Amino acid sequence: MKKNVPIAIVDCNNFYASCERIFNPKLIGKPIVVLSNNDGIIVALSNEAKQLGIKNFSPLFKVNDILKKYDVAVFSSNYTLYGDISHRIMISLEQFSPEIEVYSIDEAFVYLDGIHNKDLFSYAQEMQKTIKKWIGIPVSIGIAETKTLAKLANRRAKKNQEYKGILNLINNVEIESHLKLTNVTDVWGVGRQYTKLLNCHNIYNAYDLSKVNHNWIKKKMTVQGLRTVMELNGFPCIEGEFIPPDKKGIISSRSFSNYVSEKNELSEAIATYTSRAAEKLRMQKSVANMISVFLRTNPYKNTPQYHNGCQVMLPVATDFTNELIDYALKGLEQIYKPNYLYQKVGVMITGILPKNILQNSLFDNIDREKNQKLVDAIDKINLEYGSDTIYFASSGVQKKWQMKRDFKSPQYTTRWEDIPYVISNLVD
DNA sequence: TCTGGGGTCCTAGGACCC
DNA sequence: TCTGGGGTCCTAGGACCC
């Protein structure tokens, strides 16, 4: 039988909080929290903050008192910074294996083909030390024969001080006890709904789950559930993706800092989000033939509720910002109703195709050559001088509705974004 | 007063075709 | 009165992930 390749999952500890700490040594040993967009909820905590009993995903207003009382350092999220740190970590990991699968901003699977089992632990220690020394971020590493088991090992490594952040489950005699000590809800692929269902059938931990009947689990949790069970038993069946595939849908949406009712302000927001989505579309060298627009009031609030969305087909697939904005605004026109307190709007681009196979249409009356030069110029300037250096006037200049970021840290690693003046309205 | 944003995969069911 | 079988494509909705 073919031997499985050892898989390590390298996961940054409290990533966003750790990023904020790199450039601010005064924060070592101090509690830190990082907020979501719009400063709405907590999305990352340092260990010290966790020890104060603060929970992830708590709304800021519910924990304000405790934050003040313990002098917790609070940051708005700074994704430009975190993305840059993430990139550096991934580059460092390439020293250790030719096969790295970047799984999220703070995690990567590292395939350790050819490393003998007795050496895996020290190899992982070397990775951990390197990332701490070069970048300053602490990581935990789980090693196993499948991704699901590696994730489980990682969790165990993180939760138990004595492992110092590394656990190898390959040929590990205690594997059964590790499975029994992992709640089923903490298994990769099991969320809230499935936890409820499994608990109803007396399945409480990863070990219980590994023993279920395959037909039963497929019926209850689709083939994805079956894959999870197989993986818990050491049979890899979740494929790696080494080259990230093109996105099939690109969403851009934000909550407003204050409620918005006016159509012209909603239009500005839609134009702004469409610009972002179009930029991403061009980055992956695609075009799209559908744009959806959606809006909604605040579901938590006891005010008149309205949410709606609509899809607009484009006659010719495109990646031009101005064209996409035109169609998005037509969509808004269809669903907008006055007098509601809107909390959020967004756009989603779908029907995505590679640009290089784009066919010319007989009915196309847009000067595509001219538009191409325009967006190329915009992308080039925004890349060099920071995003939003130039933008379409329909996006608005004042942007009263724009999200809150009251606690943002400076741009330590990327120079331009925070430079305070902006060349606006060069282009319409 | 204040509750994120951006994705993926899978299935069921309807429309349509021969 | 009788009312097939098999295939494809699309969409909506539900689950999950970070």
Side-chain angles (χ1 to χ4, degrees), chain A residues 9-12 14-16 33-44 55-65 67 74-79 82-83 86 101-109 147-148 151 154-155 184-198 217-228 237-239 241 244-259 269 273 276-277 279-281 284 290 292 294 296-303 309-311 313 341 343-352 403-407:
Chain A
I9 176 97
V10 178
D11 188 324
C12 301
N14 314 322
F15 183 56
Y16 299 164
V33 299
V34 180
L35 306 176
S36 67
N37 279 327
N38 228 20
D39 297 340
I41 61 172
I42 289 176
V43 293
K55 294 273 175 265
N56 213 356
F57 307 116
S58 312
L60 179 59
F61 71 92
K62 284 193 180 166
V63 292
N64 249 327
D65 291 348
L67 296 180
V74 178
F75 293 94
S76 301
S77 42
N78 184 346
Y79 289 104
Y82 311 149
S86 171
E101 184 187 354
V102 176
Y103 177 65
S104 73
I105 194 164
D106 68 339
E107 284 172 73
F109 290 105
K147 290 182 171 180
T148 305
K151 292 278 281 186
N154 188 289
R155 214 195 138 72
V184 77
T185 196
D186 296 326
V187 172
W188 193 41
V190 178
R192 271 228 310 279
Q193 301 306 316
Y194 285 149
T195 298
K196 260 192 248 168
L197 185 145
L198 293 168
I217 200 75
K218 187 172 174 205
K219 208 159 62 191
K220 295 287 186 186
M221 287 176 56
T222 81
V223 294
Q224 299 183 105
L226 178 56
R227 282 185 198 133
T228 298
C237 41
I238 298 175
E239 294 287 309
E241 256 165 14
D246 283 347
K247 305 241 176 297
K248 297 168 189 168
I250 296 170
I251 297 175
S252 181
S253 87
R254 292 280 185 284
S255 302
F256 297 125
S257 49
N258 297 302
Y259 296 115
Y273 304 153
R276 280 226 32 100
E279 252 172 48
K280 289 188 192 171
L281 188 67
Q284 69 171 40
M290 175 106 78
S292 320
F294 54 90
R296 66 150 214 240
T297 50
N298 185 349
Y300 295 100
K301 217 173 140 117
N302 196 14
T303 49
C310 76
Q311 299 183 321
M313 278 292 289
L341 299 172
Q343 186 226 10
K344 184 178 189 172
V345 298
V347 299
M348 178 159 76
I349 290 176
T350 52
I352 292 177
M403 69 176 182
K404 265 190 290 209
R405 283 176 99 186
D406 290 344
F407 314 98

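Only heavy atoms go into these numbers, but all of them, side chains included; no hydrogens, no water, no symmetry mates. From a predicted model like this one, the values you see are computed outputs, not experimental measurements.
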Worksheet item: Of all residues at least two apart in sequence or in a different chain, which pass the side chain to side chain donor-acceptor pair (under 3.5 Å) check with A:Q284?
Response: A:S286

Discussion item. Once you apply a heavy-atom cut-off of 4.0 Å, does A:N37 come out as touching a base, just sugar-phosphate, or nothing?
Written reply: sugar-phosphate

Worksheet item: Just checking A:K280: base, sugar-phosphate only, or nothing, at a heavy-atom cut-off of under 4.0 Å?
Response: sugar-phosphate

Worksheet item: Taking only Watson-Crick and G-U wobble pairs with both distances under 3.5 Å, what dot-bracket line describes DNA chain C, where [ ] shows pairs that cross earlier ones and | shows pairs with another strand?
Response: ....||||||||||||||

Item to complete: For A:E241, report the nucleic acid contact type (base, sugar-phosphate, nothing); a contact means any heavy atom under 4.0 Å.
Response: nothing

Practice prompt. Please work out if A:Y16 contacts a base, only the sugar-phosphate, or nothing of the nucleic acid, heavy-atom cut-off 4.0 Å.
Written response: nothing

Which pairs of donor and acceptor atoms, one on a side chain in residues 188-196 of chain A, lie under 3.5 Å apart (sequence neighbours left out)?
unit_1	atom_1	unit_2	atom_2	d
A:W188	NE1	A:Y103	OH	3.3
A:T195	OG1	A:T185	OG1	2.9
A:T195	OG1	A:G191	O	2.6

Worksheet item: Where each residue is assigned the nucleotide of DNA chain B containing its nearest heavy atom, which of A:R254 and A:Y300 is assigned the position nearer the 5′ end?
Response: A:Y300

Item to complete: Classify the nucleic acid contact of A:V34 as base, sugar-phosphate or nothing, counting any heavy atom under 4.0 Å across all strands shown.
Response: nothing

Worksheet, complete the sentence: Outer limits of DNA chain C sitting under 4.0 Å from a non-hydrogen atom of chain A, read 5' to 3', are C:dA15 to C:dC18

Response to the item:
With sequence neighbours left out, the residues meeting side chain to side chain donor-acceptor pair (under 3.5 Å) with A:N37 are none

Worksheet entry | Residues which pass side chain to side chain donor-acceptor pair (under 3.5 Å) with A:N298, listed by chain and number, not counting sequence neighbours | A:Y259

Worksheet item: Checking all strands, does A:N298 fall into the base, sugar-phosphate, or nothing category for heavy-atom contacts under 4.0 angstrom?
Response: sugar-phosphate

